[in-house]
Amino acid sequence: MKATFLASVGIVTGAAVALTGCSGGEAGGDGGGSEAASCTNTIVNAEAPQVTVWAWYPAFDEVVDQFNNANDDVQICWTNAGQGNDEYTKFSTSIESGSGAPDVIQLESEVLSSFTIRDALVDLTEYGADDVKDQYAEGAWEDASSGDAVYAIPVDGGPMGMLYRQDLFDAAGITVPTTWDEFAAAAKQLKDSGSGAVMADFPTNGRAFNQALFAQAGSVPFEYDSANPQEIGIDVNDDGAKKVLEYWEGLVKDGLVATDDAFTADYNTKLVDGSYAVYLAAAWGPGYLQGLSDADPTAVWRAAPLPQWDAASPVQVNWGGSTFAVTEQASDKELAAKVAMGIFGNDEGMNLGVDKGALFPSYAPVLESDEFATKEYEFFGGQQINKDVFLDAAAGYEGATFSPFQNYAYDQLTVQIYAMVQGEKDASQALDDLQASLEQYATEQGFTLK
Amino acid sequence: MATTTAPTSSHRAEAHQQVKHRPDRNYRRRQRWGWLFVAPFALIFLTFLVLPLVFAFRMSLFTSTLATGDRFVGFANYAKAFTDPLFLDGLLTVAKFGLIMIPAQMIVALIAALVLDNLATWASKFSRLMIFIPYAVPVVIGALMWGFLYSPRFGPASTLFALFGAEAPNFLAQDSIFGSLVNIVTWQWAGYYMIIIYAALRGIDPGIYEAAVLDGASDRQIATRIKVPMISSSLVMVVIFALIGTLQFFTEPQVLRGVAQGAIPTDYTPNMYAFSLAFSYSQFNYASAISFALGIVVFVFSFFFLFLTRKQSGLK
């Protein structure tokens, strides 16, 4: 009985091996690589060791090819494992199971602490990250580090500005607002003019967008250092956040702004068909706008700095921005670190990212180049939007600290802002409730509150 | 499971006797073949169902918070689950869905089946197919499609309402999302249940209807007094399917959440709660406990329902 049973097991396992063998054969290169992963790109030098990379950057294939052609001793094996949360879900599962993560992974700076607390990322200082520190914008570097440790190499940033419809402004006789007070007045003027558009959208699911607006008024929601991972300071209902949310609550109540969910099909259409006169955007926003279809052909887009609370002392904030991190599962961490620092850490790679993928670079040699500053954007009627808006915004950005449970914090923020928009509670109450729920969550998760 | 497929008791006794008379060696050899035939299924069953379940159950007995490591806590996660307001609210939500959605699906399916059973034209075949087609649409695609139909910008509602000079309601708002979801599920599943009920109706001996007609029964009386009682076991089965499906409600709200994040929070149903705990908040242990707790609830509900309907279902 035993023999027959084993034989049948053998048959099944054999079949399974054959199947795996097949899929293994499809992989781009069969030399050198420690894991049988399937690469989206073709491997140029099959002899060299491979480093697996997950990334979703636009036009990333060309950047990978450029890197592989320029490097004989290491090759990138790239997979697009989904954008943002889709990728994080997969990464999270790999961490839990102890295998399956790539060597190098694209992560937004806001989720870095969520992964460092699970010991999933390598501190890059011992692989020479400090040596390249000067090559990156200060705020972006700050976002990727925690205390003395550096958990990722910045790639692109999202300094915020205001993209607006010059044609709609002109029709309503509005001058471009520079402060939030002027912004509110302009919103009212727009409505009174009988325009079909509202001033802007205030999405309840704005997550990082809303958080950035809070930060502009001085809100510092979290105090956290991965050197001391069990302690966290939570202050999401500080005066800055309350001031901002009350401001938007007023605009919502008066019907001066929309409250559509961001990044839905409805929202995308309204962005380009003239329903919103203003798109409060990060530096990647222009690229996003141009990628949308059904645009109003008469639209005249221009860019201006983000309105300020105090015009005398402007505060710059950041929305989004991503990095490359090395995972603890990487088989050769030094090599992986080399890739993380090297892909966009040179003019050729970064220029490809800027030209083809519309990235806003964190890499200083490109960021500070004249060519980038004076780049004219046809979409904005030839306006040099980097020089006019985003370079100042990037230079003024000082970095932020995110919580190790940022996803939870964002989901709760969405719940509270939605409740406010529905008129169930006022802005102040919504933020107090948010504070309470996050404090409770942190305590349940074993953190000590500062 | 065994009760439905097992041979009758007389057969079993016979087989048993036969076995007794045979030599032991022969019996064992036969048994070997049995193992061989069962092996492929058993292997898959063990690797893809039993092992993960055991693993998940073991996980649910531990706790691992973000700030501390793995720690054995026994059934503490379960105690937490059954006092967790988010889990209980989710259960309440699916219970509400069950109260509205199951009868809605049943009524649509039953009426459609009864009508089709009485028609014998090409129209009946065509209608049967049309009612069934939504079930052939993958659930995710169906939910995405309805997401667009409900959209204030792309959906037909605003155009339709504008014809009468009215403003369309927002189907994705907090107060209307419940009805919108009921509509999607009924649209998707009524056809499937209709086919089951219809098949049961075709199994009834037409002679019974003739006798009923001779006794002066109207069509309606035949339907309510003869057809429905005679297919009660199928109806019970359909309700059980719908009950389990509703308690496990996940795909439709999860997909619609993409366009209505405020109206559908991450803990809208227990399954969604378990999903976001595991994959958004990295609380795999507690997520396992929630999943098992939901499993227990599903089991209890199904058992209770089968117990209540044991007469109609033919189990007794």
Side-chain angles (χ1 to χ4, degrees), chain A residues 1-9 11-13 15 85 88-90 92-93 95-97 114-115 117-118 203-205 207 229-232 259-270 273 275 404-405 407-408 410-412 414-415 417-419 421-422 424 441-442 444-448, chain B residues 28-44 47 55 59 63-69 71 80 84 86 144 147-148 150-155 170 172-175 256-267 275-287:
Chain A
M1 175 181 124
K2 209 169 191 177
T4 342
F5 179 70
L6 285 178
S8 59
V9 171
I11 293 167
V12 176
T13 339
N85 263 332
Y88 306 152
T89 305
K90 286 176 194 140
S92 186
T93 316
I95 296 169
E96 190 64 21
S97 68
S114 308
F115 291 112
I117 194 169
R118 297 171 70 192
T204 55
N205 68 339
R207 297 168 73 101
Q230 287 173 17
E231 215 179 63
I232 186 167
T259 54
D260 301 307
D261 267 13
F263 306 116
T264 61
D266 275 44
Y267 168 83
N268 286 344
T269 316
K270 285 183 167 183
D273 74 356
S275 298
F405 41 83
N407 234 340
Y408 184 82
Y410 279 153
D411 281 345
Q412 292 302 311
T414 300
V415 168
I417 296 187
Y418 187 76
V421 167
Q422 293 287 306
E424 288 164 17
Y441 186 80
E444 272 175 19
Q445 290 296 310
F447 291 98
T448 336
Chain B
R28 277 219 206 104
R29 184 177 292 162
R30 270 184 125 196
Q31 219 184 15
R32 263 184 223 173
W33 282 105
W35 277 110
L36 184 69
F37 283 125
V38 170
F41 168 75
L43 198 73
I44 289 170
T47 20
F55 183 73
M59 263 176 88
T63 188
S64 147
T65 60
L66 284 174
T68 59
R71 200 170 75 234
K80 187 179 162 194
D84 184 345
L86 296 179
L144 278 175
F148 273 100
Y150 289 150
S151 151
R153 200 132 193 110
F154 303 106
N170 181 2
L172 298 172
Q174 201 168 26
D175 358 321
L256 272 202
R257 187 178 144 71
V259 291
Q261 285 195 16
I264 306 179
T266 52
D267 44 45
F275 179 84
S276 45
L277 276 174
F279 299 113
S280 292
Y281 312 150
S282 324
Q283 296 181 41
F284 291 90
N285 303 83
Y286 189 43

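Below, all heavy atoms of this structure are taken into account, side chains as well, without hydrogens, waters or symmetry copies. Each chain gets a letter, A, B and so on, in the order its sequence line appears, and its residues count up from 1.
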Could you tell me the separation between the [atom1] atom of [X] and the [atom2] atom of [Y], rounded to the nearest 0.5 Å?
X: Ser276(B); Y: Tyr408(A); atom1: OG; atom2: OH; value: 9.5 Å
X: Phe284(B); Y: Thr93(A); atom1: CZ; atom2: OG1; value: 5.0 Å
X: Glu444(A); Y: Lys80(B); atom1: CD; atom2: NZ; value: 5.0 Å
X: Arg153(B); Y: Lys270(A); atom1: CZ; atom2: NZ; value: 5.5 Å

Taking every non-hydrogen pair under 4.5 Å, which of Ile417(A), Ile232(A), Val421(A), Asp261(A) racks up the most with chain B?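 The answer is Asp261(A).
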
Please identify, among Ile95(A), Thr259(A), Asp273(A), the residue contributing the most non-hydrogen atom pairs under 4.5 Å to chain B. Asp273(A)

4.5 Å side-chain heavy-atom contact, Gln445(A) and Tyr281(B): no

Where is the tightest heavy-atom contact between [X] and [Y], given as atom of each residue plus distance?
X: Thr266(B); Y: Asp411(A); answer: CG2-OD2, 3.4 Å
X: Ser92(A); Y: Ser282(B); answer: OG-OG, 3.8 Å
X: Val415(A); Y: Pro265(B); answer: CG2-CB, 4.4 Å
X: Ser151(B); Y: Asp266(A); answer: OG-OD1, 2.5 Å
X: Tyr418(A); Y: Gln174(B); answer: OH-N, 3.3 Å

If you count the non-hydrogen atoms of other residues, nucleotides and ligands that lie under 6.0 Å from CZ in Phe154(B), is the total more than 12?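 More than 12 within 6.0 Å, yes.
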
Is chain B contacted by the side chain of [X], its backbone, both, or neither, given a heavy-atom distance below 4.5 Å?
X: Phe263(A); answer: neither
X: Glu424(A); answer: side chain
X: Ser275(A); answer: side chain

Gln261(B) and side chain to side chain contact (heavy atoms under 4.5 Å, CB included): which single residue from Thr414(A), Thr264(A), Thr204(A) fits? Thr414(A)

Sort Ala263(B) into side chain, backbone, both or neither according to what part of it lies under 4.5 angstrom from a heavy atom of chain A. both

